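Treat the numbers as computed from the prediction; the structure is a model and nothing was measured. Residue numbers run from 1 in the order of the sequence given.
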Amino acid sequence: MKKIFLGLLVIFLTLQSCNSNKPKPNTVNKPISDLSIYNLPSKWTNQNGENIEMKELKGKVLVMVMIYTSCKSACPRLVADMRNIEEHLPENIKNNVKLVLVSIDPVVDTPKRLKSFAIENKMDSEQWIFLRSTEENTREFAAVLAVNYKKIAPLEFSHSNIISVFNSDGELAYQQEGLGVNSDETIKKITEEAQKLN
């Protein structure tokens with residue numbers, strides 16, 4: 001009887017160890033959906049001068065806005081809105097979120113300029129990403145975000161004021177439009193999407 005019990009115990013423990021080795025579902029290796037921004041082939045340069053593709057950000061919730069650093073009117077408000085969102089995110093999800101600012105003026109906004117802008121605005125932690133690309137790539141990306149912009153003077157653009165939230169698969173989950181608006185819904189959506197990654 002004792003031998004039978006020990007035999008069953010060994011079988012039970014073996015089965016347990018097999019089950020515990022099952023791989024967890026991997027969000028990074030999931031196929032990219034047709035609605036994902038990770039399908040875009042464009043290459044971008046960040047504030048550190050590193051070349052990246054959008055798909056390298058897969059697996060994080062992205063909060064994105066399009067600005068230009070020489071802007072004196074709307075952009076400072078958009079930047080303040082982004083910082084306000086970041087400050088109100090729960091600590092336990094911050095590692096799952098990237099805050100991305102994409103320049104609509106790639107000629108002026110060199111990586112060096114983006115880097116100094118990030119430092120000036122206290123947006124130089126790893127959570128913040130500043131990106132620039134070619135005019136063509138920037139236009140294409142703006143169309144995806146439903147952001148309209150137009151050069152109205154040598155250093156001035158008129159543009160939409162939209163903050164977009166993308167889930168970890170790069171699919172648009174929410175958009176906030178306007179300046180200095182209440183960001184509670186945006187923060188709630190970011191938190192919901194980011195908690196799925198914990």
Quiz item: Between Phe157 and Asp105, does a side chain to side chain contact (heavy atoms under 4.5 Å, CB included) hold up when you go through it step by step?
Solution: CA-CA 9 Å; Phe157 292 79; Asp105 188 10; 3.6 Å; yes
Exercise. May I have the step-by-step check of side chain to side chain contact (heavy atoms under 4.5 Å, CB included) for Met64 and Ile163, ending in yes or no?
Key: CA-CA 6 Å; Met64 305 187 99; Ile163 294 174; over 6 Å; no
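With sequence neighbours excluded, the residues that form a side-chain contact (heavy atoms from CB on, under 4.5 Å) with Ile32 are Ser36, Tyr38, Asn39, Lys58. Take Glu91 and apply the salt bridge (charged side-chain N to carboxylate O under 4.0 Å, His left out) test, not counting sequence neighbours, and it matches Lys94. Val181 is linked by a side-chain contact (heavy atoms from CB on, under 4.5 Å) to Gln176, counting only residues two or more places apart in sequence or in another chain. Considering only residues two or more places apart in sequence or on other chains, Asn161 meets the side-chain contact (heavy atoms from CB on, under 4.5 Å) condition with Ala74, Leu78, His159, Leu179. With sequence neighbours excluded, the residues satisfying side-chain contact (heavy atoms from CB on, under 4.5 Å) with Thr191 are Leu89, Pro90, Ile93, Ile187, Gln195. In terms of the salt bridge (charged side-chain N to carboxylate O under 4.0 Å, His left out) criterion, residue partners of Glu192 (sequence neighbours excluded) are, by chain and number, Lys189.
Sequence neighbours left out, not one pair with a member in residues 178-198 passes ring-ring contact (aromatic ring centres under 6.0 Å, His included). Residue pairs satisfying the salt bridge (Lys or Arg N to Asp or Glu O under 4.0 Å) criterion with at least one member in residues 135-157, sequence neighbours excluded, are absent. Judged as a ring-ring contact (aromatic ring centres under 6.0 Å, His included), not a single pair has a partner in residues 160-180 (not counting sequence neighbours).
In this structure, Pro106 and Ser133 approach most closely via the heavy-atom pair CB-O, 2.9 Å.
No side-chain heavy atom of Ile162 sits less than 4.5 Å from a side-chain heavy atom of Val65. Residues Val63 and Glu86 form no side-chain contact, since every pair of their non-hydrogen atoms from C-beta on lies 4.5 Å or further apart.
In this structure, Leu62 is not a member of the same hydrophobic cluster as Met82, with clusters built from ILVMFWY side-chain heavy atoms closer than 4.5 Å. Cluster annotation: Leu145 and Leu57 are assigned to the same hydrophobic cluster (Ile/Leu/Val/Met/Phe/Trp/Tyr, side-chain heavy-atom contacts under 4.5 Å, transitive). Val61 and Met123 end up in the same hydrophobic cluster when Ile, Leu, Val, Met, Phe, Trp and Tyr side chains are linked at under 4.5 Å.
Looking only at distances, no side-chain donor or acceptor of Asn167 sits under 3.5 Å from a matching main-chain atom of Ala173. Between the side chain of Asp169 and the backbone N or O of Glu171 there is no donor-acceptor pair closer than 3.5 Å. Between the side chain of Tyr149 and the main chain of Ile104, no donor-acceptor pair closer than 3.5 Å is present. Asp109 places a side-chain N or O within 3.5 Å of a backbone atom of Thr69 that can act as its donor or acceptor partner. Side chain of Arg132 to backbone of Ser103: no donor-acceptor contact under 3.5 angstrom is found. Checked by atom type and distance alone, the side chain of Ser33 pairs as donor or acceptor with a backbone atom of Leu35 at under 3.5 Å. One N or O on the side chain of Asn121 and one on the backbone of Phe117 form a donor-acceptor pair closer than 3.5 Å.
With rounding to the nearest 0.5 angstrom, the CD1 atom of Ile129 is 9.5 Å from the NZ atom of Lys60. Remark: Thr186 OG1 to Asp81 CG distance equals 9.0 Å, nearest 0.5 Å. Expressed to the nearest 0.5 Å, how far OG of Ser183 lies from CG of Asn84 amounts to 5.0 Å. In this structure, the separation between OG on Ser158 and CD1 on Ile152 is 5.0 Å, given to the nearest 0.5 Å.
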Give the table of side-chain donor-acceptor pairs shorter than 3.5 Å for residues 95-102, with sequence neighbours excluded, one pair per line with atom names and distance.
from, atom 1, to, atom 2, distance (Å)
Asn96, ND2, Ala194, O, 3.0
Asn96, ND2, Asn198, OD1, 2.8
Lys98, NZ, Glu126, O, 3.0

I'd like a table of donor-acceptor pairs (distance under 3.5 Å, sequence neighbours excluded) in which one partner is a side-chain atom from residues 42-55, with atom names and distances.
from, atom 1, to, atom 2, distance (Å)
Ser42, OG, Trp44, NE1, 3.0
Thr45, OG1, Asn51, OD1, 3.1
Asn46, OD1, Asn48, N, 2.9
Asn46, OD1, Gly49, N, 3.2
Asn46, OD1, Glu50, N, 2.9
Asn46, ND2, Glu50, OE1, 2.8
Gln47, OE1, Phe130, N, 3.0
Gln47, NE2, Trp128, O, 3.1
Asn48, OD1, Lys115, NZ, 2.8

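Grouping Ile, Leu, Val, Met, Phe, Trp and Tyr residues whose side-chain heavy atoms lie under 4.5 Å apart, directly or via other members, places Leu155 in a hydrophobic cluster with Val108.
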